[in-house]
Amino acid sequence: MTAVLPALTLPADLDPGWRDLLEVQSRQPYWVQLQTFLQSEWRQHTVYPPAADIFTAFRYTPLAQVRVVLVGQDPYPGAGQAHGLAFSVRPGVPLPASLRNIFRELHSDLGIAPAAHGCLVPWARQGVLLLNACLTVRAGQPLSHTGRGWEQFTHAVLTLLNQLPRRLVFLLWGQAAQKTAACIDPHRHVLLTAAHPSPLSAHHGFFGSRPFSRTNAALQHSGSPPIDWQLPPLIPLE
């Protein structure tokens, strides 16, 4: 019996604000090519995150609530790690090295002790869009889904965010994120750049960048409440 492959479909409970944009993208030529590529990947390899989690970032952070955009590179390639939010893992999953470094900087910046888990859903629910440049990856192979169409999708999302009338804060860690966000107008929005938090680069400009306090300062300057970056010990995911 042939296994039924996943499909690149939008969640039924997607926020209407995002749905207007994403449905337009799903009718673009690149989307067909992306879907064909993913079908081949699902047939031959393990792909993360699970298909049902690909658009999780848009489910937890409705368009009207976006205040901060944290741009990641691509999902974690390890088993059980990626669940559709950049840099986040589900409760109970060991912290990846980049996330440990994020928590280390959070402690240095705001004095918040590292959480016992790495689920960043509470940030997303406060208006922090945790968006990866590529929304899928082949197991064990970082960057394996780059250049397949996701970048066009991310560009469309960021272009829409750039056009919003309110001032947003963009956290751009590493050259890939900074390149992805080239469409963002720095005169209208706040762009906070730093090195990527991975062990290879964190000591070259991520540690000491104080992204959390600087984000809150920018939000408060615009009349928006700060983000509570402290994660609660228990995370209800639904």
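Along the sequence shown, residues are numbered consecutively beginning with 1.
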May I ask you to decide if the ring planes of F87 and Y76 are parallel, tilted or perpendicular, using 30° and 60° as cut-offs?
-> perpendicular
Ignoring hydrogens and angles, tell me if any N or O in the side chain of R166 forms a donor-acceptor pair with the backbone of S222 under 3.5 Å.
-> no
Distance col, row L70:CG vs F170:CZ, nearest 0.5 angstrom, shows 11.5 Å
Side-chain heavy-atom pair L34, F153 within 4.5 angstrom cut-off = no
Polar side-chain atom of T154 near backbone of A133 as donor-acceptor pair, under 3.5 Å = yes
Please check if the side chain of S224 supplies one atom and the backbone of Q220 the other of a donor-acceptor pair under 3.5 Å.
-> no
In this structure, NE2 of H189 is separated from CG of L164 (nearest 0.5 Å) by 6.5 Å
State which residues pass salt bridge (charged side-chain N to carboxylate O under 4.0 Å, His left out) with R210; sequence neighbours excluded, sorted by chain then number.
-> D109
Is there a side-chain contact between Q33 and R148 (heavy atoms, below 4.5 Å)?
-> no
Taking all non-hydrogen atoms of both residues into account, name the closest pair between C119 and P91 and its distance.
-> CB-CD, 3.7 Å
Taking atom types as modelled, is there a side-chain donor on T180 or H155 under 3.5 Å from an acceptor on the other?
-> no
Donor-acceptor contact below 3.5 Å, side chain Q178 vs main chain A194 | yes
Going by heavy atoms in the side chains, are L135 and F55 under 4.5 Å from each other?
-> yes
Hey, does L99 have a side-chain heavy atom less than 4.5 Å from the side chain of I102?
-> yes
Do Q44 and S40 have side-chain atoms, one donor and one acceptor, less than 3.5 Å apart?
-> yes
For H145 and E41, does a side-chain donor sit closer than 3.5 Å to a side-chain acceptor?
-> yes
Separation between CG (L22) and CZ (R27), nearest 0.5 Å, reads 11.0 Å
Are the side chain of W173 and the backbone N or O of F206 linked by a donor-acceptor pair below 3.5 Å?
-> no
Please test L131 against F58 for side-chain contact (heavy atoms from CB on, under 4.5 Å), starting from the C-alpha separation and ending with a verdict.
-> CA-CA 9 Å; L131 178 67; F58 303 98; 3.7 Å; yes
In chain order, what residues pass the salt bridge (charged side-chain N to carboxylate O under 4.0 Å, His left out) check against E151, with sequence neighbours excluded?
-> none
Check step by step if side-chain contact (heavy atoms from CB on, under 4.5 Å) holds for W229 and T215.
-> CA-CA 11 Å; W229 298 105; T215 293; 3.9 Å; yes
Spatial distance of atom CD (Q230) from atom CD1 (I112) [nearest 0.5 Å] = 5.0 Å
Taking salt bridge (charged side-chain N to carboxylate O under 4.0 Å, His left out) as the test, write out the residues that go with R67, two or more places apart.
-> none
Looking only at heavy atoms, the pair that brings A177 and V71 closest together is CB-O, 3.6 Å
Could you state the interatomic distance from CG (L38) to NE2 (H45), rounded to the nearest 0.5 Å?
-> 11.5 Å
Could D15 and R59 be called an ion pair, given the rule that one side-chain N must be under 4.0 Å from one carboxylate O?
-> no
Does any N or O in the side chain of H117 come within less than 3.5 Å of the main-chain N or O of L231, such that one atom is a donor and the other an acceptor?
-> no
So do P199 and N101 actually touch side chain to side chain, heavy atoms under 4.5 Å?
-> yes
Could you walk me through whether W31 and L8 pass side-chain contact (heavy atoms from CB on, under 4.5 Å), step by step?
-> CA-CA 9 Å; W31 191 270; L8 187 61; 3.6 Å; yes
Considering all heavy atoms of both residues, which atom of A51 and which atom of P6 are nearest to each other, and what is their separation?
-> CB-CB, 3.5 Å
Could you list the residues that satisfy salt bridge (charged side-chain N to carboxylate O under 4.0 Å, His left out) with D53, not counting sequence neighbours?
-> R90
Can you measure from CD (Q163) to CD1 (I184) and round to the nearest 0.5 angstrom?
-> 9.5 Å
Do side-chain atoms of E105 reach the backbone of G208 as a donor and acceptor pair under 3.5 angstrom?
-> yes
Do T61 and R125 come within less than 4.5 Å of each other through their side chains, counting heavy atoms only?
-> no
Side chain to side chain contact (heavy atoms under 4.5 Å, CB included) filter on Q141, not counting sequence neighbours, yields R138, S144
Going by side-chain heavy atoms closer than 4.5 Å, which hydrophobic residues are tied to Y48, directly or by a chain of links?
-> V137
Judged by atom type as modelled, is there a donor-acceptor pair below 3.5 Å linking the side chain of S88 to the main-chain atoms of L85?
-> no
Any side-chain heavy-atom pair of L158 and V69 under 4.5 Å = yes
Under 4.5 Å between any side-chain heavy atoms of L161 and L63, yes or no?
-> yes
